[in-house]
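Not measured: the values here are computed from a predicted model. For the single chain, residues carry numbers from 1 onward in sequence order.
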Amino acid sequence: MEFNETTNNQQLLESLIVDTYLSFCQKLKDPEAARTHTIFAFKKILTADTIEAFTRTNNMRNIIKSIFPSPDICKYTMVNNFIDMILRNPLKEKPNEIKFSDAIIVTNNSYGKNHVASAIKEVLEKDNYEHFSRFYKHNKQYNYRNALKESVTSEDMADIIANTLTNRVLQKAYQETENVSNKINNQYESQINNFQIDPYTLNQCKLDLLSREQQNIPRHDYCLDNLYVSMDLGNKKENQEDSAIILTHPQNPDFKMLVVADGMGGLMAGEEASFFITSQITNWFEHLDPQYFAAKNTGILSQCFNEEIQNINNRLYDTYRGNSSSTFVGCIVSEKETIVSHVGDSRAYIFKQGELQQLTKDDSLCYCQYQGGIIKQKDDIRFHKDSNVVTKAMGLKEDITPHTSTIHNSDYDTLLLFSDGVTDCISDNQIKAITTHTDIQSLAKTLVDTAKTNNSYQNHLPLDTYYSNIPGGKDNMTAAVYDNRPKNLEEEGR
């Protein structure tokens with residue numbers, strides 16, 4: 001993840017603190033021990049520039065590396081966000097204790113926030129207090145330099161910063177989750193008993209994406225609420241170049257996102273492009289302005305989604321200069337409508353009452369020939385020797401335009417996204433049959449398993465242009481599924 005000095009750094013840091021705490025909870029099975037270990041881990045960044053105190057559970061060490069290129073940048077972000085917290089809400093310190101928050105406020109009044117950050121870092125790194133102000137408010141003299149030096153060591157300062165950040169962020173996360181839970185409870189009080197949102201649900205798909213574990217392990221199966229993803233390396237490839245993400249919005253769980261990106265090799269491995277796209281669209285979605293939650297603003301959100309995909313494409317091109325590219329298919333599920341966008345030959349389908357419909361049209365040479373009548377049957381595309389020649393992909397050039405459309409949520413029961421590793425190896429009729437007869441919880445897994453083992457054959461097309469067979473698992477395979485059925489129907493099965 002590219003590090004930029006923006007307001008998003010505060011949100012990234014807050015997410016990192018929460019994820020670290022949850023990972024320690026998972027490992028230690030004790031919330032208070034998890035809080036203590038979280039504080040200690042961030043304290044070690046401040047005092048020793050090391051991330052070794054972070055747990056390996058959920059690959060937290062790799063995640064922090066993916067968010068912040070160096071411990072020093074993480075430290076810089078921590079210090080700045082700590083200062084912001086103190087300026088908004090000073091610490092409640094004990095009587096007769098030196099008021100560290102006052103020293104920050106006074107130095108900010110005298111010199112400014114950047115000077116405060118420099119002062120704190122000088123203490124942490126060199127035990128040098130000379131950058132703090134000597135004066136109290138209204139120029140009443142009070143030597144904060146000496147007072148701090150006599151009462152607050154660099155270890156104390158690191159402990160205060162780590163404690164304050166961790167406790168306030170976790171309190172904020174709990175309150176936000178509690179507010180959402182209370183809102184839902186109040187709305188459906190007569191229908192739902194003892195309903196609560198668990199604030200500590202881990203999105204393993206997100207953790208594996210950001211830590212790069214998605215591309216290091218041959219097989220993944222994920223579930224998040226009614227969202228599912230299965231990924232497999234396949235039988236022929238040595239590298240996993242697909243990336244995928246399933247998300248519920250942290251401020252509105254009714255907003256969901258599914259994305260599949262299929263990286264294409266070049267001078268640079270395709271997994272770099274698919275990771276670049278998927279991690280950046282994740283950050284964008286999780287920080288959506290709440291104005292988009294209103295049903296009337298779906299059209300504006302669709303335009304914003306389209307523009308963000310173009311922006312990510314341009315950043316990808318600027319980074320790799322066309323040497324690493326990827327297809328993209330992504331959907332945002334809002335309260336009443338679903339926005340579908342794609343570039344390349346990764347596909348989106350919907351399924352309802354036994355009928356399957358492809359929503360996207362491949363940006364590929366063969367799909368153009370199919371639309372022009374040169375290729376007669378859609379399934380014949382799979383066997384064509386140029387079936388994987390795409391006419392558009394992200395990262396190949398600047399200023400691409402994705403295909404973006406909107407459908408009503410009532411139009412489908414199930415939403416399905418695929419990389420071409422799946423749709424090359426199983427036909428639409430097979431997808432339809434599997435979706436009809438498979439429980440939703442295992443649908444993505446079954447589709448990928450079938451694509452990995454299914455061998456396809458044809459004997460009606462010329463072999464100078466078409467292959468006679470397609471071996472199962474010839475490419476990386478990814479399937480993402482969203483179950484849009486009402487809860488009572490989910491319990492009854494398909």
Note to self: On a heavy-atom basis, which atom in T327 and which in G344 lie closest, and how many Å separate them?
What the structure shows: CG2-CA, 4.1 Å

Check: Passes ring-ring contact (aromatic ring centres under 6.0 Å, His included), H131 versus Y129? Steps please.
Finding: CA-CA 6 Å; H131 288 269; Y129 294 78; over 10 Å; no

Would the distance check show the side chain of [X] and the main-chain N or O of [Y] forming a donor-acceptor pair, the cut-off being under 3.5 Å?
X	Y	value
T278	S274	yes
N163	D159	yes
S118	N114	no

Note to self: Could you go through D225 and K256, starting from their C-alpha distance and side-chain angles, then the distance that decides it, and tell me whether this counts as salt bridge (charged side-chain N to carboxylate O under 4.0 Å, His left out)?
What the structure shows: CA-CA 10 Å; D225 191 23; K256 307 173 191 296; 3.2 Å; yes

Check: Should I45 and T50 count as side-chain neighbours, where that means a heavy-atom distance under 4.5 Å?
Finding: no

Notebook entry, point to check: For K149, does the NZ atom have more than 12 heavy-atom neighbours from other residues, nucleotides or ligands under 6.0 Å away?
Noted result: no

Check: Does R56 CZ have over 12 foreign heavy atoms under 6.0 Å away?
Finding: no

Next item on the list: Decide ring-ring contact (aromatic ring centres under 6.0 Å, His included) for H249 and F285; before the verdict, give the C-alpha distance in whole Å, the side-chain angles of both, and the deciding distance to 0.1 Å.
Entry: CA-CA 7 Å; H249 195 280; F285 176 76; 5.4 Å; yes

Name every donor-acceptor pair, under 3.5 Å, that has one atom in a side chain of residues 34-42 and the other anywhere in the protein, sequence neighbours excluded.
from : atom 1 : to   : atom 2 : distance (Å)
R35  : NH1    : N167 : OD1    : 3.0
T36  : OG1    : E32  : O      : 3.0
H37  : ND1    : A33  : O      : 2.9
T38  : OG1    : A34  : O      : 2.7

Salt-bridged, [X] to [Y], with N to O below 4.0 Å?
X	Y	value
E14	R168	no
D413	R485	no
D156	K43	no
E52	R61	yes
D221	K445	no

Next item on the list: Sort out for me which residue in V260, T360, V329, T423 forms a side chain to side chain contact (heavy atoms under 4.5 Å, CB included) with F418.
Entry: T423

Got a list of side-chain donor-acceptor pairs under 3.5 Å for residues 291-298, not counting sequence neighbours?
from : atom 1 : to   : atom 2 : distance (Å)
N297 : ND2    : Q291 : O      : 2.7
T298 : OG1    : A295 : O      : 2.9

Check: To the nearest 0.5 Å, how far apart are CD1 in I245 and CG in N203?
Finding: 5.0 Å

Next item on the list: Please lay out, stage by stage, how R219 and D449 fare under the test salt bridge (charged side-chain N to carboxylate O under 4.0 Å, His left out).
Entry: CA-CA 11 Å; R219 178 69 187 220; D449 287 345; 2.9 Å; yes

All N/O donor-acceptor pairs, side-chain side in residues 332-339, below 3.5 Å, sequence neighbours left out:
from : atom 1 : to   : atom 2 : distance (Å)
S334 : OG     : E337 : N      : 3.4
S334 : OG     : E337 : O      : 2.6
T338 : OG1    : N409 : OD1    : 2.6
T338 : OG1    : Y412 : OH     : 2.6

Quick one: which residue pairs count as a salt bridge (Lys or Arg N to Asp or Glu O under 4.0 Å) with a foot in [range], not counting sequence neighbours?
range	value
residues 73-88	D49-K75, K75-E125, D84-K113
residues 317-326	D318-R321
residues 205-218	K206-E286, R212-E272

Item checked: E398 and R315: CA distance, side-chain angles, deciding distance, salt bridge (charged side-chain N to carboxylate O under 4.0 Å, His left out) verdict -> CA-CA 9 Å; E398 293 181 291; R315 291 195 291 270; over 6 Å; no

